There are 2 protein chains.
Amino acid sequence: MAITIKDIANKAGISAASVSRILTNRGRFSEETAQRVRELANEMGYFKNQSAADLSQKTSRVIGILVPTNHTNFADEIIKGMQKKAYELGYELLIAFVETDSQQQIKTVRSLLSRQLLAVVMLAIDIEDAVLDVLNSADVKLLSVSNQLNNDIPSISSDNYAMMHTIVDYLYAHGHRQMALIGASDPDPIVAILRRQGYIDALASHGITYNPDFIWGVEMAFQTGIDAIKKFGLPLPFTAVIGSADIISIGLLNGALDAGISVPNDLSIVTVDGTELTQLTRPILTATQQNFAQMGELAITNLANPSRSPHSVIFTDITLIPGGTVATIG
Amino acid sequence: MAITIKDIANKAGISAASVSRILTNRGRFSEETAQRVRELANEMGYFKNQSAADLSQKTSRVIGILVPTNHTNFADEIIKGMQKKAYELGYELLIAFVETDSQQQIKTVRSLLSRQLLAVVMLAIDIEDAVLDVLNSADVKLLSVSNQLNNDIPSISSDNYAMMHTIVDYLYAHGHRQMALIGASDPDPIVAILRRQGYIDALASHGITYNPDFIWGVEMAFQTGIDAIKKFGLPLPFTAVIGSADIISIGLLNGALDAGISVPNDLSIVTVDGTELTQLTRPILTATQQNFAQMGELAITNLANPSRSPHSVIFTDITLIPGGTVATIG
DNA sequence: TTGAAAGCGTTACCAA
DNA sequence: TTGGTAACGCTTTCAA
């Protein structure tokens, strides 16, 4: 049987209530007894039973995080950011990996929710309505990070629309007029829609009518990049390509290599995300880097703030980091 | 205020005890009332308060996982394996990321332990003694995965000693006589010690006395690979190199590329881990693949087994996957 | 098959 | 500054 505050109280000759006050630093008590109690707690190897505390307090400082198992590696960076802030502000994180299977998702979410959470953060997930219903039926704050949901859920992400303008402008300035967008043609997710629209509008602002064929590829996968090069064949009908995720861009790079296309001489590549993966290739990928750590920190700050607006959309910084995959042409 | 079993009981005109029995499927009850209760629970949007249940039951089915924030990406694969098995067997996973800072580690661990855990799994961590003390002072099972600890803690990992034999034998069979081992020279971790010894003994079994200079590099990092090539310079004093992690091997490959060394013609590479990272390079890395999913599943199975032996060491499968980075020479 | 009641460990209120 | 006590929601024993 584990040690309880009652045990400590007995040994110290005071009441459990006092021990509780001391150990939680709430209410009044004399520093004298406090000293003794803290020592005793240490000696006896006391561990707070958080379940009992939660039950008693009815409010919790636990934030649940839903992470897709097939997550790209930037999820780790976001979690690190959340972890840092949560540690500072005294929140606890409860990380749950969810599969794409909606049944399993619901079970995981229910198990999460049975922990009296303060909030649930959805990390780069396009959550299904059934799951969302479950979440909504519970009394928790919701927040979507690195993804915007079409619902009224507050979100923190990069400004994906503006990001495409940045990239297109950059490529345009380097002489490119024909550029493809790979990996953002999934019809559903808001992120993909925003990127497509940003791409189209940015081209238009330079007087270029976009070619629908140049928007191709759904999966955020290495193979998507490989396949894209194969699909368009030689000679490529464009001089530059935008990879909608680092892993896609690495696929594009390798696909080009396999096809004897020289990067950046014959093909320029700009990638979206800018994780450390971009450093692993030769040449190093030119990237629009998202500030994932910032997303994580803002997520916690936002949830900690009781007066957060219910439908807010917060954008985090984007930085274009030149690598070696963009050439000036024309 | 959230719905409780009492609310359900009231509405159904029965006692809370009955509702509890029905919802947990324990004890006896009539299918008739059960039907009604389950419907009601659904309608009313009931969520079990797991804190209350834990408090009442005194035993928990929650397994805590300590994951280093600077984890290599195979941690995800292990977690997936654990998740799958945990889901099957009805356990809950509580994932906590820990920094290298020992103070923060202790706080994280304490917060974990305050949740009445069944067990704590340490994922590829060389835990510090201070943290281990905290863990030992609590009444939880411990298990180390993908790493063996020098203490009496049960562990699940690849047979790192045998793995080196596999690799050395493979390279020897391809004509290599001079081979380096990069990224396993950290004096402390058991894993590094085992790999070094396996490497040395395997060479000896082929009548080769190992060259101490050829064991180099501490960090499991991309830069370690890059630096290794620089350190040994041209011409390389060996014909093959073993990278102690995929990310190191990618560094080796890029370092070779930068130095104008052709892989595999001038240098053969075998990597340890065999994660999907190995598919991103050209040529694809020849790897000894560890079975991370199996580690994860075994971890849960092991913890679920009440009669587990306290000092057991379980080994998981290793598979040599030929890629394009090993040439036959001589 | 069902119910009443005690108990899990902690906190919060009120009184001393 | 301290202590007594009720309460949190659920499970479990024992009786009915």
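Here is the naming used below: chain letters follow the sequence lines, and residue numbers restart at 1 for every chain. Predicted model, so just to flag it, every value in this text is computed and none were measured.
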| field | Electrostatic pair B:Asp54:B:Lys48 at N-O distance under 4.0 angstrom | value |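 Salt bridge between B:Asp54 and B:Lys48, a charged N being under 4.0 Å from a carboxylate O: no.
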Who passes side chain to side chain donor-acceptor pair (under 3.5 Å) against [X], sequence neighbours left out?
X        : answer
B:Asn305 : B:Ser307
B:Asn49  : none
B:Glu77  : none

Please report, rounded to the nearest Å, how far the [atom2] atom of [N] is from the [atom1] atom of [X].
X       : N      : atom1 : atom2 : value
A:Phe29 : D:dG3  : CZ    : P     : 13 Å
A:Asp54 : D:dC10 : CG    : C1'   : 14 Å
A:Leu55 : D:dA6  : CG    : P     : 17 Å
A:Ile8  : D:dT2  : CD1   : P     : 16 Å
B:Asn10 : C:dA4  : CG    : P     : 11 Å

| request: Name the closest nucleotide to the B:Ser15 side chain, picking from C:dA4, D:dT1, D:dG3. | output: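 Output: C:dA4.
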| field | B:Asp139 atom CG, neighbour heavy-atom count above 12 within 6.0 Å | value |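 No, not enclosed.
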| said: Can you see if the side chain of B:Ser51 gets near the phosphate of D:dC8 - specifically, an N or O under 4.0 Å from OP1 or OP2? | reply: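 Checking B:Ser51 against D:dC8: no side-chain N or O falls below 4.0 Å of OP1 or OP2.
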| said: Please tell me if B:Lys58 has a side-chain N or O lying less than 4.0 Å from either OP1 or OP2 of D:dT12. | reply: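 For D:dT12, OP1/OP2 do not have a side-chain N/O of B:Lys58 under 4.0 Å.
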| query | Do A:Tyr87 and B:Gln104 pass the side-chain contact (heavy atoms from CB on, under 4.5 Å) test, and can you show the C-alpha distance, the side-chain angles, and the key distance before you say yes or no? | reply | CA-CA 8 Å; A:Tyr87 183 74; B:Gln104 191 268 0; 3.6 Å; yes
| task | Output the distance between atom CZ (B:Phe315) and atom OG (B:Ser158), rounded to the nearest 0.5 Å. | result |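 B:Phe315 atom CZ to B:Ser158 atom OG measures 9.0 Å (nearest 0.5 Å).
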| Candidate list A:Asn291, A:Val121, A:Leu123, test side-chain contact (heavy atoms from CB on, under 4.5 Å), partner A:Ile78, passing option |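 Among A:Asn291, A:Val121, A:Leu123, the one that satisfies the side-chain contact (heavy atoms from CB on, under 4.5 Å) with A:Ile78 is A:Leu123.
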| note | Nucleotide by nucleotide, nucleotides 10-16 of chain C touches protein heavy atoms under 4.0 Å in the pattern (B base, S sugar-phosphate only, - none) BBB----
| Pick the nucleotide of DNA chain C nearest each of B:Gln116 and B:Gly27; which residue has the one closer to the 5' end? |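 Closest to the 5' end, via its nearest nucleotide, is B:Gly27.
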| field | Inter-axis angle, terminal five-pair segments of the helix from C:dT1-D:dA16 to C:dA16-D:dT1 [nearest 10°] | value |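 Here the local axes at opposite ends form an angle of 30°.
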Under 3.5 Å, side-chain donor or acceptor atoms of residues 34-47 of chain B against the rest of the protein: list the pairs with distances, not counting sequence neighbours.
| unit_1 | atom_1 | unit_2 | atom_2 | d |
| --- | --- | --- | --- | --- |
| B:Arg36 | NH1 | B:Ala12 | O | 3.1 |
| B:Arg38 | NH2 | B:Glu31 | OE2 | 2.9 |

